[in-house]
Amino acid sequence: MNGFTTMHRAMAAALGVTFAAACMAACSKDRGGFATDEHTFFDASVSPDAPATPDCPLQCSLDGRSVIETCGGTVVQSCADDLACGAAKCQDPCAAAAADRSSNGCDFYFQMPRMDKLFPHSCNAAFIVNTSAHPVDMTLERDGNEIDISKSVFRTSPGSAELVSHAGAIPPGESVILFLSDSPPGFAASGYIRCPLGVTPATTEDTVPHRTGIGSSFRLTTNMPVALTSMYPFGGAASQYPTATLVLPVATWGKEHMLVNGWAASSAGDPGLQIVASQDDTEVTILPNKDIVSGPGVVGGRAGEPTKYRLSRGQHLQLVQSEELSGSIVTSDKPISTFGGNSCAFVPSSAKYCDILFQQIPPFEQWGSEYVGVAYRPRRGNEHEPVPYRIVAARDGTVLEYDPAVPAGAPTTMSAGEVAVFEHGTGDAFVVRTQDVEHPIYVSAHMTGGDGAPPPNSTAQSFSGAGDPEFVNVIPAAQYLSSYSFYADPTYAETAITIVRRKTNGAFKDVWLECAGTLTTWKPVGTRGEYEYTRVDLSRARKSGDTFGEGDAATTCQTGLQRMRSDGPFTATVWGWDAYASYAYPGGTAQRTLVTTSLVQVN
């Protein structure tokens with residue numbers, strides 16, 4: 001490790017997070033009456049000046065409209081119409097979202113995941129869901145210049161990819177697609193996916209560098225909280241290299257990060273990452289565990305030696321090279337965010353074909369010490385279909401425990417900055433935990449190439465072209481929320497949601513999905529009875545998904561806008577795939593501070 005781990009200091013006590021009782025109004029048992037305010041206030045922080053006793057603290061109601069007592073749900077204060085509850089306090093809705101530390105927010109920076117310009121500039125889009133009780137106005141800018149989006153915003157109907165032009169504010173609880181960028185009109189190339197006919201993209205400029213370099217990011221701001229997902233390219237099944245990521249608001253960024261790439265190098269692509277600044281004159285210091293290779297405008301650095309970079313507001317530093325930088329430490333004097341991926345990865349490295357990989361990685365302080373591993377609905381009905389998992393450890397002496405058993409090849413001890421890879425069945429659910437919150441880890445789940453690779457070079461299974469490489473953040477159990485609003489791309493043949501819920505005060509709480517009602521077909525995870533999981537199909541073989549109920553009361557799930565809620569903590573991950581194409585992203589996440597001890601002092 002080139003002396004890298006010796007630079008880590010011993011930790012002091014870290015902050016443990018315990019889920020409080022959710023004494024809120026029960027979610028609807030039927031399929032109607034969904035409250036459009038989608039604030040996620042489960043386990044919200046208590047305002048320091050809130051009048052509450054230690055045995056009965058205050059929190060926000062599930063609908064975000066009032067401050068309540070956790071003990072019995074008694075309303076202490078109802079918020080005015082122009083306010084929302086955040087951190088047990090009525091305040092401006094954007095401030096409330098920031099106080100609640102979730103993936104809903106009002107200020108975002110993001111950019112295309114296309115890190116290698118050997119691939120054409122295809123249609124880049126964003127899915128935006130209004131998670132507030134008020135209309136949302138949004139502004140897009142780049143390099144400090146506002147971009148006209150009047151002809152770039154569209155909506156769809158459930159289960160349909162047909163686009164309808166949208167003007168004006170986004171109504172409460174509704175969603176739109178913002179078409180961000182595309183190549184200029186008349187462009188044509190192999191693998192190029194243009195934006196749909198009738199769409200005028202916000203810009204045709206490409207400000208992401210070719211491999212290593214400095215680029216410019218989009219900034220999206222709103223007057224009310226939204227959930228934001230970046231999709232590249234839109235309609236990407238035909239491109240055969242799509243990816244997507246949940247975008248995290250600036251209010252939840254941090255000053256300490258550990259870099260995570262999407263996968264190792266192969267003959268098709270290299271590990272890549274992007275570091276984004278939201279303020280001018282941001283100093284970024286990387287302590288790399290491998291040499292940083294120089295590129296245009298970027299001076300490289302030696303492994304184990306701090307390397308400094310300076311970024312302006314909205315700039316991103318992109319590093320694409322054959323050696324992974326996963327496990328390297330990044331610090332900054334102002335909050336930043338990191339994205340990790342691969343320019344086009346074979347997963348495993350000998351299995352065809354490649355896809356772009358891309359996820360926004362939470363800051364180190366938000367990493368967890370306990371995760372549930374369970375992946376997508378199997379592509380060919382085999383719940384033992386191998387899914388690669390990757391774990392990145394942050395501390396020396398990290399000890400890992402698994403329930404019900406240690407998966408073959410999974411690590412039981414890890415050192416700081418170490419990356420471990422193992423395979424486990426998509427439906428062979430497991431829990432992995434470390435000895436305490438002072439030893440957090442990062443976990444990702446991956447889909448393998450659709451064609452696999454035969455022995456002796458690989459044992460990767462072939463799925464006759466169904467799906468292709470993708471990776472997604474596995475959400476720590478301490479970051480589960482109680483409600484989600486997200487959008488599932490309607491252009492994929494197969495789309496499913498994987499849902500995991502956690503027991504609260506000795507009981508599992510109902511989980512309500514708008515198209516399904518209360519979900520009932522849960523399966524246990526491990527032997528301790530702490531978690532259960534289920535899946536719901538939104539599309540199958542280019543048709544609608546699962547049907548719930550009977551006769552006139554039956555409802556069928558479809559792609560498009562999804563809304564979920566519970567009185568307890570759960571997580572939901574979207575997986576979509578088609579011929580040699582796939583994407584995945586979490587429907588949302590809390591971004592609570594779980595770790596308080598610094599990684600290392602870098603000077």
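Counting begins at 1 with the first residue of the sequence.
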Which pairs would a plain distance check flag for residues 568-575, meaning a side-chain donor or acceptor within less than 3.5 Å of a matching protein atom at least two apart in sequence or in another chain?
none

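Using a 4.0 Å cut-off between a side-chain N of Lys or Arg and a carboxylate O of Asp or Glu, Arg563 and Glu174 qualify as a salt bridge. Between Arg542 and Asp578 a salt bridge is recorded (basic side-chain N to carboxylate O distance below 4.0 Å).
Heavy atoms of other residues, nucleotides or ligands lying less than 6.0 angstrom from CD of Glu383 number more than 12.
The closest side-chain donor-acceptor pair between Thr521 and Thr534 falls under 3.5 angstrom. His446 and Ser444 share a side-chain donor-acceptor pair at under 3.5 Å. Checking Tyr376 against Glu494 by side-chain atom types alone, no donor-acceptor pair falls below 3.5 Å. Side-chain polar atoms of Gln111 and Gln274 form a donor-acceptor pair below 3.5 angstrom. Under the 3.5 Å distance criterion, with hydrogens and angles disregarded, no donor-acceptor pair is assigned to the side chains of Tyr583 and Asp355. For Gln360 and Ser337, the side-chain atoms include at least one donor-acceptor pair closer than 3.5 Å. Checking Arg592 against Thr252 by side-chain atom types alone, no donor-acceptor pair falls below 3.5 Å. Between Thr527 and Asp403, the side chains place a donor N or O and an acceptor N or O closer than 3.5 Å (distance only, hydrogens not considered).
With hydrogens and angles ignored, the 3.5 Å screen pairs a side-chain donor or acceptor of Arg535 with a backbone N or O of Ala375. Using a distance-only test at 3.5 Å, with no hydrogens or angles considered, no donor-acceptor pair links the side chain of Asn124 to the main chain of Ser181.
Using cut-offs of 30° and 60° for the angle between ring planes, the Tyr241 and Tyr232 rings count as tilted.
The aromatic ring centres of Phe430 and His424 sit less than 6.0 Å apart.
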